[in-house]
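What follows is one structure encoded as structure tokens, with my remarks underneath.
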Amino acid sequence: MTETILPLTLTGRRILLIIAGGIAAYKSLDLIRRLRERGASVRVVMTEAAQHFVTPLAAAALSENPVHTELFSLTDESEMGHIRLSREADLLVVAPATADILAKAALGLAGDLAATLLLATDKPILVAPAMNVVMWNHPATQANLATLRSRGVFQVGPGSGDLACGEVGGGRMAEPLDIVAAVELALTPIRPLQGRRALVTSGPTFEPIDPVRYIGNRSSGKQGHAIAAALQRLGAETILVAGPTHEPAPPGVRFVAVETAREMLDACLAALPVDIAVCAAAVADWRADTVADQKIKKGAGGTPVLHFVENPDILATIAGRGSDRPALVVGFAAETQDVLAHAQAKRQRKGADWIVANDVSPATGTFGGDLNTVHVITAEGIDSWPPATKAEVAARLAGRIAAIFGGRP
Ligand code: CTP
């Protein structure tokens, strides 16, 4: 039997959860439970459309509070007006945040209770977007979100994968536990990494063979991007140097897009000096020694033979710097066997302070997936963490980094 003790990280916190009308609304019921498990009290507001997906009764039962649905409800107004409702919360969470409610919030419309609350509040707002991939990619949605972020609205997700509409792509609402982690961060009163600079590498590198072909790998960038976002939320001025991925650049992070290992190294060196470097990228170990100017054709020359040269090791280069070596250098070790032994050797060989080791053998589903099981290897020993979402791993790692810089998240 395994016993889990949930940290009461949200004790006394009052969350106003706005459920908008999307299929992901069913996950919001679980979110209510997860928030309450951590000590938060939750009041729920549902849009009219949301009530087609989940019932106010279910939300009321789980939150143990009345659910509010109407802007002009005599009962609600006598018990609690909408201004009070929005002000008597520590944080407003919109999950799922549909394209419609994001547009209303960006424009400042106040035609229903949910939109009015977002306009009337003076409290922080966290949105968890969820919608069809085409709606998500639409410039209108992206512009609305950019507007909201520029006003300080926090965003968690969306992830990408199979969508309820049958399509595949971005737009899947963040998992309830990721939203809880984002709630905790949004309510973080101090920013322990304020004044620190952090550099994070993420994603794969693509090494060209000719103008149309390249050698790459399956890294999604999810973990590295999440770490950059978590460090930034704790106050670090964060630079994310990323190879090609489908992950959106986290808000507030300085984002440098690169393709090859050598470009990644140049971008990293240009970012120095930093206090913290986290190398989470899956850098290609080799590149073709010559890149053909024209597309290599079948036929005449027979099967092409590629000759490889080794790429620079970015982690080892950063860890081996002299006066501008970051105070803390963290590497990753993606292993498929003898995880701890290989990772320990890697820490020594590359001169990193910490190595975050994970098992990426296909059976674990780590590569491209949302869950990660990691071991943090330091000079003091090994700390094995339970399986968690990549956002949770990122938040925990950022917290541990903050702790060694003298603050606690
Ligand atoms: N790394 C790097 N530059 C490289 C190769 C790796 O910065 N050219 C970094 C990765 O970002 C990661 C760590 O080194 O933080 C370990 O990466 P990994 O792919 O596990 O190790 P490799 O050096 O490729 O070793 P091996 O392939 O032998 O496991």
Side-chain angles (χ1 to χ4, degrees), residues 10 12-105 109-121 123-132 135 153-154 156-158 163-165 171-180 182-183 186:
L10 295 173
R13 298 306 203 151
R14 296 162 306 175
I15 308 294
L16 183 67
L17 173 64
I18 296 175
I19 305 180
I23 183 67
Y26 78 91
K27 289 195 206 170
S28 306
L29 296 179
D30 188 38
L31 175 62
I32 298 172
R33 198 169 61 87
R34 302 290 185 176
L35 289 166
R36 296 195 65 212
E37 276 174 353
R38 284 159 177 77
S41 65
V42 182
R43 272 192 179 267
V44 178
V45 166
M46 290 171 73
T47 63
E48 198 191 328
Q51 296 167 57
H52 292 289
F53 296 96
V54 289
T55 65
L57 186 61
L62 287 163
S63 66
E64 293 188 62
N65 267 320
V67 170
H68 308 266
T69 55
E70 305 293 332
L71 182 54
F72 301 110
S73 150
L74 277 181
T75 335
D76 280 359
E77 286 296 324
S78 61
E79 282 173 0
M80 181 181 262
H82 59 266
I83 302 288
R84 248 181 78 200
L85 193 57
S86 73
R87 301 270 171 86
E88 288 192 356
D90 297 307
L91 178 73
L92 274 65
V93 179
V94 189
T98 55
D100 180 64
I101 200 160
L102 291 171
K104 284 177 178 155
L109 297 182
D112 62 14
L113 178 60
T116 304
L117 291 170
L118 292 172
L119 194 62
T121 191
K123 295 294 164 39
I125 298 171
L126 168 72
V127 296
M131 66 200 73
N132 160 272
M135 292 167 81
V153 169
F154 298 97
V156 54
L163 301 175
C165 54
R172 195 167 63 174
M173 188 169 89
E175 294 304 318
L177 283 179
D178 289 337
I179 301 176
V180 170
V183 165

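Here the side chains of Leu126 and Ile179 are in contact, with some heavy-atom distance below 4.5 Å. In this structure the side chain of Val54 never reaches within 4.5 angstrom of the side chain of Ser28, judged on heavy atoms. In this structure, the side chains of Pro56 and Gln51 come closer than 4.5 Å at one or more pairs of heavy atoms.
Identified under the salt bridge (charged side-chain N to carboxylate O under 4.0 Å, His left out) test for residues 17-32, with sequence neighbours left out: Lys27-Glu175, Asp30-Arg33, Asp30-Arg34.
Take Ala59 and apply the side chain to side chain contact (heavy atoms under 4.5 Å, CB included) test, not counting sequence neighbours, and it matches Leu29, Ile32, Val44, Met46, Val67. Applying the salt bridge (Lys or Arg N to Asp or Glu O under 4.0 Å) test to Arg36 and every residue at least two apart in sequence or in another chain returns Glu64. Residues passing the side chain to side chain contact (heavy atoms under 4.5 Å, CB included) test with Ala130, sequence neighbours excluded: Ala24, Pro96, Met173. Remark: Thr116 pairs with Leu71, His82, Ala110 by the side chain to side chain contact (heavy atoms under 4.5 Å, CB included) rule, at least two apart or across chains. Checked against salt bridge (Lys or Arg N to Asp or Glu O under 4.0 Å), Lys104 has the following partners two or more places apart in sequence or in another chain: Asp100, Asp112. The side chain to side chain contact (heavy atoms under 4.5 Å, CB included) test applied to Ala89 returns Leu16, Leu92, not counting sequence neighbours. Under the side chain to side chain donor-acceptor pair (under 3.5 Å) criterion, Arg87 pairs with no residue at all, not counting sequence neighbours.
Residues Gly12 and Asp90 approach most closely at O-OD2, 3.9 Å, considering heavy atoms. In terms of heavy atoms, Pro124 sits closest to Leu91 at O-CD1, 3.3 Å. Of all non-hydrogen atoms in Ser86 and Thr121, the two that sit nearest each other are O-OG1, 3.3 Å. Of all heavy-atom pairs spanning Gly21 and Thr47, the tightest one is N-OG1, 3.4 Å.
Arg43 contributes atom CZ, which lies 4.0 Å from atom NE2 of His68 (distance to the nearest 0.5 angstrom).
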